[in-house]
Protein chains: 2
Amino acid sequence: MMLDDTDRAILAALSRDATQTAAALGGRIGLSQPATWRRIKRLRDDGVLAGQRVSLNAQALGFGVTVFLGVKLATKGRVSLDDFERAVTAIPEVQLVEHVLGLYDYRLRVVARDLADFERVLRRRVMTLPGVGDVEANVLLSEERRPGPI
Amino acid sequence: MMLDDTDRAILAALSRDATQTAAALGGRIGLSQPATWRRIKRLRDDGVLAGQRVSLNAQALGFGVTVFLGVKLATKGRVSLDDFERAVTAIPEVQLVEHVLGLYDYRLRVVARDLADFERVLRRRVMTLPGVGDVEANVLLSEERRPGPI
DNA sequence: ATTGAAAATCGCCGTTT
DNA sequence: AAACGGCGATTTTCAAT
């Protein structure tokens with residue numbers, strides 16, 4: 001599928017604020033409500049707009065600590081990967097499981113109430129995962145999301 | 001603020017799909033539309049529901065490669081951090097800038113059309129950032145988002 | 001239970017490619 | 001002629017009270 005500048009403007013606008021109406025968005029880029037809506041629908045149908053999700057404020061929920069873990073597996077057969085993924089997705093504190101290629105095999109985004117709570121998760125849950133070798137940790141200080149290239 | 005199981009069910013449902021209506025969501029958890037809507041409004045007012053974002057399908061947009069970069073700065077004064085952050089947010093291919101504590105100073109999520117395009121971004125844009133020391137890369141194979149602890 | 005707004009269409013006609 | 005947009009209108013749905 002081919003995207004023109006109008007599509008890009010719509011995607012950029014929706015990235016900033018997904019709650020705005022088709023009429024308001026169209027007004028800002030010089031399109032009528034139906035035309036804007038048709039384009040949004042096409043972008044949805046083409047799979048470019050993949051969905052819409054709320055972003056939860058972890059701080060407000062009492063999760064003050066976010067840690068990124070790089071995990072290297074000790075053994076890497078197909079079964080090892082499957083076993084690891086099955087087990088890791090059962091840890092509630094894990095928000096994101098990324099299978100990667102490079103120095104590590106998996107990257108995990110983990111939230112905890114505080115550092116003491118994180119230590120518990122690390123020792124009782126992460127270090128006991130099947131096949132785990134090296135684990136590296138980075139504590140999140142701040143993050144900024146950018147619109148991306150579009 | 002205090003969350004009960006009903007609030008948790010609402011947050012979990014909205015994390016999966018933010019487009020669903022209060023009536024539909026309520027129906028699934030045994031609440032009326034107004035009751036569900038009031039709870040959602042309270043969660044919004046309390047700052048637990050922080051906003052709503054569309055998820056763009058990078059693949060469909062022609063960005064087939066996602067790479068995580070761990071960046072270590074060579075020099076780490078306040079000015080170095082400010083300079084680095086200013087410069088890195090000007091790279092369109094960077095979707096996410098995470099300031100972290102640990103082996104690395106920053107973690108970047110970078111998208112590119114393909115590996116050749118990524119090499120260009122890495123050499124021309126990332127390696128020329130002010131104060132950059134070591135850079136480590138992990139190529140994303142797949143990722144799975146989880147609801148988190150809520 | 002109600003209302004007012006917005007989403008989600010449709011048809012038609014003009015323009016551009 | 002195919003694709004797209006504007007305009008006007010309608011129906012349906014849903015947020016909000």
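No hydrogens, no waters, no symmetry mates; every other heavy atom, side chains included, goes into these values.
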Starting at NZ of B/Lys41 and ending at P of D/dA16, how long is that distance when rounded to a whole Å?
-> 8 Å

Check every atom of C/dA6, D/dC4, C/dA8 against the side chain of A/Thr21 and return the nucleotide holding the closest atom.
-> C/dA6

So is A/Arg107 actually on top of B/Phe68's ring, under 6.0 Å and inside 45° of the axis?
-> yes

For B/Pro34 and for A/Gln20, find the nucleotide of DNA chain C with the closest heavy atom, then tell me which residue's nucleotide is more 5'.
-> B/Pro34

Taking only N and O in the side chain of A/Arg39, is any of them less than 4.0 Å away from OP1 or OP2 of D/dG5?
-> yes

Whole-Å distance separating the CG atom of A/Asp4 from the P atom of D/dC4 | 9 Å

Does A/Thr89 offer a backbone N or O that forms a donor-acceptor pair with the side chain of B/Arg146 under 3.5 Å?
-> yes

Please state whether the base of C/dA1 and the side chain of B/Gln33 form at least one donor-acceptor pair under 3.5 Å?
-> no

A/Asp45/A/Lys41 ion pair, N-O < 4.0 Å | yes

At under 4.0 Å, does any side-chain N or O of B/Trp37 touch on OP1 or OP2 of D/dA16?
-> yes

Side chain of B/Arg44 only, please: which of D/dG5, D/dA15, D/dA16 is the nearest?
-> D/dA16

Any luck finding a side-chain donor-acceptor pair between A/Arg109 and A/Gln95 under 3.5 Å?
-> yes

